[in-house]
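If you're wondering where the values come from, they're calculated on a predicted model, not measured in any experiment. We name chains A, B, ... by the order of the sequence lines, and we start the count at 1 in each one.
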Protein chains: 2
Amino acid sequence: MLIELKPMQALTLWKEIAISEVRDDAHDLTMRQLAVLLTVYLEPPPHTIRGMAAKLGVTKPVITRALDTMGGYGLVDRHRDDKDKRNVLVKRTVKGALYVEKLGDLVIAKARGLPL
Amino acid sequence: MLIELKPMQALTLWKEIAISEVRDDAHDLTMRQLAVLLTVYLEPPPHTIRGMAAKLGVTKPVITRALDTMGGYGLVDRHRDDKDKRNVLVKRTVKGALYVEKLGDLVIAKARGLPL
DNA sequence: TTAGAATGGAACGGAGCCGAAATGATCGCG
DNA sequence: CGCGATCATTTCGGCTCCGTTCCATTCTAA
């Protein structure tokens, strides 16, 4: 659990992660794409385009395009809702789960290395 | 200090911050720009273009353009080094300091709100 | 003093994302 | 059944960022 995280530590953690993302990230995800990805993998389904657009405070095409890009990477999948065929449900993939898991490990590793 | 940060918590923290950035961020900074900004404000000077490019693992024009953009926002400043006039030193600004400080507060606030 | 190295920046074409508006498919109420 | 509402996607013009390459300035060492 997080206890007494100080401003300097918080910023250092954020900086280290940002640099790691810039240096190593193969997919070069946007902040918006990252927000979409983590929402899909951390919040309970179902995930619709409209719902995610509302949650992130962006327009629907932003979500559609983010899913296009990340779908191309194999990080997410989507198909029509059988109940209401207007809806599109975003699904998780094995590849995406591995990617998210690696991201979590990175945050933890960087958090451990923080100076006192 | 960070103690026993678990994978789920780490990812939730990162997700919350990403969403906040997407929703509220006035400047809409790229991950690279963010990495540059935090490097300038968290690591000891001097900061040269070449040095930061090496640190972030990107090309020089990336740093130059990031400084152009953020300089336009007033988040950073730069001028020639008097000792070696080939170098350009990146300087901090009051506006940039406030922005970074707010970012730190955001991380802390989100960290506090993490579920057990 | 001068040749070569180093530094930051500019120019270029290409690629991706943006918001707004239009499109196509589907639902549900009357 | 039909028509308006809802949902996701596509289209459009515009903007920003990308990497590569080239250039001007400045330093350094022979």
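- For residues 93-103 of chain A, there are no salt bridge (charged side-chain N to carboxylate O under 4.0 Å, His left out) pairs, not counting sequence neighbours.
- In this structure, the side chain to side chain donor-acceptor pair (under 3.5 Å) partners of Asp68(A), at least two apart in sequence or on a different chain, are Arg78(A).
- Contacts of residues 43-53 of chain B with DNA chain C (heavy atom under 4.0 Å): Thr48(B), Ile49(B), Arg50(B).
- Within residues 61-76 of chain A, the residues that have a heavy atom under 4.0 Å from DNA chain D are, in order of number, Pro61(A), Thr64(A), Arg65(A).
- Under the 4.5 Å side-chain criterion, counting only non-hydrogen atoms from C-beta, Thr30(A) is not in contact with Thr69(A).
- The interatomic distance linking Leu56(B) (CG) with dG19(D) (C1') rounds to 16 Å, in whole Å.
- Taking Glu21(A) as the reference, nothing meets the salt bridge (charged side-chain N to carboxylate O under 4.0 Å, His left out) condition, with sequence neighbours excluded.
- Listed by first then second residue, pairs satisfying ring pair (Phe, Tyr, Trp, His ring centres under 6.0 Å) with a partner in residues 52-87 of chain A read His27(A)-Tyr73(A), not counting sequence neighbours.
- Not counting sequence neighbours, the partners of Ala18(A) by the side-chain contact (heavy atoms from CB on, under 4.5 Å) test are Ala35(B).
- Contact of the Val62(B) side chain with the Arg65(B) side chain is registered, since non-hydrogen atoms from C-beta on lie closer than 4.5 Å.
- A distance of 8.0 Å separates CD1 of Ile19(A) from CE of Met52(B), quoted to the nearest 0.5 Å.
- Tyr41(A) is linked by a ring-ring contact (aromatic ring centres under 6.0 Å, His included) to nothing, counting only residues two or more places apart in sequence or in another chain.
- When rounded to the nearest whole Å, the span between NE2 of His79(A) and P of dA8(D) equals 14 Å.
- Ile108(A) CD1 to Gln9(B) CD: the interatomic distance, rounded to the nearest 0.5 Å, is 8.5 Å.
- Under the side-chain hydrogen bond (donor to acceptor under 3.5 Å, both in side chains) criterion, the residue pairs touching residues 42-56 of chain A are Glu43(A)-Lys55(A), Glu43(A)-Lys15(B), with sequence neighbours excluded.
- Chain A approaches DNA chain C within less than 4.0 angstrom (heavy atoms of the protein), and the contacting nucleotides run 5' to 3' from dC17(C) to dC27(C).
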For residues 80-90 of chain A, tabulate all N or O donor-acceptor pairs below 3.5 Å that involve a side-chain atom, not counting sequence neighbours.
unit_1: Arg80(A); atom_1: NH1; unit_2: Lys85(A); atom_2: O; d: 3.1
unit_1: Arg80(A); atom_1: NH1; unit_2: Arg86(A); atom_2: O; d: 2.9
unit_1: Asp81(A); atom_1: OD1; unit_2: Lys83(A); atom_2: N; d: 2.9
unit_1: Asp84(A); atom_1: OD1; unit_2: Arg86(A); atom_2: N; d: 3.1
unit_1: Asp84(A); atom_1: OD1; unit_2: Arg86(A); atom_2: NE; d: 3.2
unit_1: Asp84(A); atom_1: OD2; unit_2: Arg86(A); atom_2: NH2; d: 3.0

* Going 5' to 3' through nucleotides 22-30 of chain D, assign each nucleotide B (protein heavy atom under 4.0 Å from a base atom), S (under 4.0 Å only from sugar-phosphate atoms) or - (no protein heavy atom that close). => ----BS---
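- Each of Thr93(B), Val76(B), Leu34(B) was compared with Met70(B) under the side chain to side chain contact (heavy atoms under 4.5 Å, CB included) criterion, and only Val76(B) meets it.
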